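Throughout, a chain's letter reflects where its sequence line sits, starting with A, and its residues are numbered from 1. The shown structure was predicted, so the numbers you read here are calculated from the model rather than taken from an experiment.
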Number of protein chains: 2
Amino acid sequence: MTAETPSNPATGDSGARTVPTLEMVAALAGVSRATVSRVVNSSPKVTPHVVDAVNDAIERLNYVPNRAARSLASRRTQVIALVVPETTAKLFSDPFFATVAQGIALYLSDTDYTLNMLISSEAKSEKTRRYLMGGNVDGALVVSHHSGDHSYSELGQSLPVVFGGRPLIATESASYFVDVDNAAGAAGATAHLVETGRRHIATIAGPQDMPAGLDRLTGWRRTLSMHGFDQSLVELGDFTPESGADAMRRLLDRGVPIDGVFAANDQMAAGAYSVIYERGLSIPGDIAMAGFDDNYYGSTTTPPLTTVHQPSHELGAKMAEVLVALIEGKTVEHVTLMPTNLLVRASTL
Amino acid sequence: MTAETPSNPATGDSGARTVPTLEMVAALAGVSRATVSRVVNSSPKVTPHVVDAVNDAIERLNYVPNRAARSLASRRTQVIALVVPETTAKLFSDPFFATVAQGIALYLSDTDYTLNMLISSEAKSEKTRRYLMGGNVDGALVVSHHSGDHSYSELGQSLPVVFGGRPLIATESASYFVDVDNAAGAAGATAHLVETGRRHIATIAGPQDMPAGLDRLTGWRRTLSMHGFDQSLVELGDFTPESGADAMRRLLDRGVPIDGVFAANDQMAAGAYSVIYERGLSIPGDIAMAGFDDNYYGSTTTPPLTTVHQPSHELGAKMAEVLVALIEGKTVEHVTLMPTNLLVRASTL
DNA sequence: GTGAAAGCGCTAACAG
DNA sequence: CTGTTAGCGCTTTCAC
């Protein structure tokens, strides 16, 4: 502790400052404030000897730059906003946001950027928008499940913004986004079903007005068409277990052979399980099941569900990475897709 | 280079300012900057007429105060740090932090404070500490499960800090903390067991070097002693399902009657289930079970587990509330305990 | 390479 | 009640 620094350089300061300033460092090191600033910002053109002296003074004073002052002078905030445009209820029931946020925070903790979390219910979206546009942040990350909600997309024109989850309709791609490769994940899960010998593979698809629903169906189709298999075994659900059960019922009622099912999420797969057992069929004996998401709906079924794991934290980290690159003026892809990985469990043995 | 966005907000700043300043508002409203500042900060002593004029100008210019400048001048940052001193692995596997963080963010979104999330692995704890002490935040919230880790407790002497989770050893209570009322929750669950007619109530306690483990055992004892029941049926576990199974085995091996068990968390309760069934006993017929935490370990058992729900997001909100009060110089209790609530399910019918 | 000087946008006494 | 006057702590030309 540098408690009593009697050699405290007199700066004409009367009140006892608790936090050392750049000026004090300059005085202690015997250089000008400009030089200290250069050292702090690791400017290349400072004599090594001087750098050491300054760093020494910084160390002894336990100096930490004042962010506000730095921002004000440099016109850069070093702050990145994480905007979560969701209702309270949704937020609490969804581990997805949390994991993504952690990924973001973790990535940023290795940079000089600071994370500013903004929970923005619809009521406050205007306030949030203003805050963002008010020059208080260097860039923003927007995470939303109903990624159709690109009400923040206009933002991209006045501020670097990266979205998590692709927009439903491909805009003029003025914006940047990072998403999980839903189609590839679905195709992979379906391919696994094929590899284990299934030939009559159905799908319980998600809502076709959500990117995830759409793309996962596309992935299923891709694999089947690659093998020339029948693509007519499609029933839609709304991502709830009940809808999965209903869809499964409709599939079985068709009376055609089915030996494998790819459900667009684990909850629907769990719903389907009950119907399959209801009909006296077995998993994976009669029907192999695969899901998507990797949550406890899939891990607690009997047998455990083969499913597609989403790299939520990597997604967050990548979003942050892309945004930082954008802020720093680098060229980055407008679209970044994160690879998923298949978790093979007993439901597809 | 990025796309052809002429107003590219990235580094290269060539043209006119995009963000209006207080000065511009003053000019438009025909008053001084000081007056605008007063209006913005809702000072009581401004003529209503002038207030309107200024607000009008603000509206027309779409003015938003610059935080950095404001902080610098007022020597208040309006920033609250959320410090999570955990390893990456723990962070990802634990929904607790996420929920608490959401509660905090949500509470703060109604205030003028901004949330600054700092994931601080041990490697970076020194950097974090410096940042916090460097006058970059008005206060800090520290959330950790192994709340014994009050390595940040010294912070409390130079900055308002509120901890989530009580310290293991009662310090000189120089610090503030908010915690779930573990003892009361445990006492309540045990009382429920008593109310349903159980008279031989055992407990599978948690590690006694963790506040949660300690306090939940205390709660169990409290209820039993209130009824004058036997308090010798205690076995310790380490919060894992396996340890719960082992503890249950030891309890049953004692060969004394047991008709109810309070487990200090749901995971241990789940472990106990398997042993109970192994011995050919039924739940709740032979033994009623109650747990603590309310997670899926308890909700997916058969029968579903009666458990104590932790108000994680309320905990977060309360932490934020206490910190804000502290920052604003109000007197607040050093200890705030959040009430839990009992979720009665089939395991204690 | 280094220092001097001029602010960044706002708040905070202090006069009037 | 409102304007004037100083800075807050740092970066950043521009000379030297």
Side-chain angles (χ1 to χ4, degrees), chain A residues 9 11-15 17-54 57-58 61 63-79 112 131 134-136 138, chain B residues 11-14 16-54 57-58 61-79 112 131 134-136 138:
Chain A
T11 57
D13 200 356
S14 49
R17 293 192 40 70
T18 40
V19 190
T21 68
L22 183 151
E23 176 146 29
M24 293 165 64
V25 174
L28 209 175
V31 298
S32 73
R33 289 168 13 192
T35 299
V36 176
S37 175
R38 289 190 185 100
V39 172
V40 169
N41 296 290
S42 39
S43 155
K45 30 187 63 183
V46 183
T47 313
H49 176 245
V50 176
V51 173
D52 289 347
V54 172
I58 288 178
L61 256 36
Y63 166 76
V64 181
N66 177 308
R67 268 189 178 255
R70 203 211 279 256
S71 300
L72 189 55
S74 67
R75 309 182 81 1
R76 262 171 298 118
T77 65
Q78 295 290 100
V79 173
D112 279 329
Y131 178 74
N136 293 307
D138 287 348
Chain B
T11 50
D13 196 3
S14 46
R17 291 190 38 71
T18 39
V19 191
T21 70
L22 183 150
E23 176 145 29
M24 294 165 62
V25 175
L28 210 175
V31 297
S32 74
R33 288 167 17 196
T35 299
V36 176
S37 175
R38 290 190 185 99
V39 173
V40 169
N41 295 291
S42 40
S43 154
K45 30 186 63 183
V46 183
T47 313
H49 176 245
V50 177
V51 173
D52 290 347
V54 172
I58 288 178
L61 257 36
N62 222 304
Y63 167 77
V64 180
N66 178 308
R67 268 189 176 254
R70 205 211 279 254
S71 301
L72 190 55
S74 66
R75 307 175 97 346
R76 263 173 297 118
T77 65
Q78 295 290 100
V79 172
D112 279 329
Y131 178 73
N136 293 306
D138 287 348

From the options D:dT11, C:dA12, C:dC10, select the nucleotide whose nearest atom is closest to the side chain of B:Ala73. C:dC10
Nearest of D:dG9, C:dT11, C:dC10 to any side-chain atom of A:Asn66? D:dG9
Minimum heavy-atom separation for A:Ala29 and A:Ala57, please, with both atom names. CB-CB, 3.9 Å
Does A:Arg75 have a side-chain nitrogen or oxygen under 4.0 Å from the phosphate oxygens OP1 or OP2 of C:dG9? yes
Do any side-chain nitrogens or oxygens of A:Ser37 fall under 4.0 Å of OP1 or OP2 in D:dC10? no
Round to the nearest Å and state the distance from [X] atom [atom1] to [N] atom [atom2].
{"X": "A:Met24", "N": "D:dC10", "atom1": "CE", "atom2": "C1'", "value": "15 Å"}
{"X": "A:Ile58", "N": "D:dG9", "atom1": "CD1", "atom2": "P", "value": "16 Å"}
{"X": "A:Leu72", "N": "D:dC8", "atom1": "CG", "atom2": "C1'", "value": "9 Å"}
{"X": "B:Glu23", "N": "C:dG9", "atom1": "CD", "atom2": "P", "value": "9 Å"}
{"X": "B:Arg67", "N": "D:dC10", "atom1": "CZ", "atom2": "C1'", "value": "19 Å"}

Name of the residue among A:Ile58, A:Val54, A:Val19 meeting side-chain contact (heavy atoms from CB on, under 4.5 Å) with A:Tyr63: A:Ile58
Close side-chain approach of A:Asn66 to A:Thr21, heavy-atom, < 4.5 Å: no
So, taking the atom named CZ in A:Arg70 and the one named CG in A:Asp112, what distance separates them when rounded to the nearest 0.5 Å? 7.0 Å
Those residues at least two apart in sequence (or on a different chain) that pass side chain to side chain contact (heavy atoms under 4.5 Å, CB included) with B:Val64 are A:Arg130, A:Asn136
Sequence neighbours excluded, the answer for side chain to side chain contact (heavy atoms under 4.5 Å, CB included) partners of B:Ala27 is none
Taking the side chain from B:Asp138 and the backbone from B:Thr77, do they hold a donor-acceptor pair closer than 3.5 Å? yes
Given Watson-Crick or G-U pairs with both distances under 3.5 Å, what dot-bracket string fits DNA chain D, with | for other-strand pairs and [ ] for crossing? ||||.|||||||||||
Under-3.5 Å N/O pairs linking protein and nucleotides 3-5 of chain D:
residue, atom, partner, partner atom, Å
D:dG3, OP2, B:Ser32, N, 2.9
D:dG3, OP2, B:Ser32, OG, 3.1
D:dG3, OP2, B:Thr35, OG1, 2.7
D:dG3, N7, B:Arg38, NH1, 3.4
D:dG3, O6, B:Arg38, NH2, 2.5

Under 4.0 angstrom, heavy atoms only, what part of the nucleic acid is B:Arg76 near: base, sugar-phosphate, or nothing? sugar-phosphate
Mind listing the side-chain donor-acceptor pairs of residues 31-40 of chain B below 3.5 Å, one per line with the distance, residues two or more places apart or on another chain?
residue, atom, partner, partner atom, Å
B:Ser32, OG, B:Ala34, N, 3.4
B:Ser32, OG, B:Thr35, N, 3.3
B:Ser32, OG, B:Thr35, OG1, 3.3
B:Ser37, OG, B:Asn41, ND2, 3.4

Name every residue in residues 41-52 of chain B that has at least one heavy atom under 4.0 Å from any atom of DNA chain C, in order of residue number, or write none if there are no such residues. B:Asn41
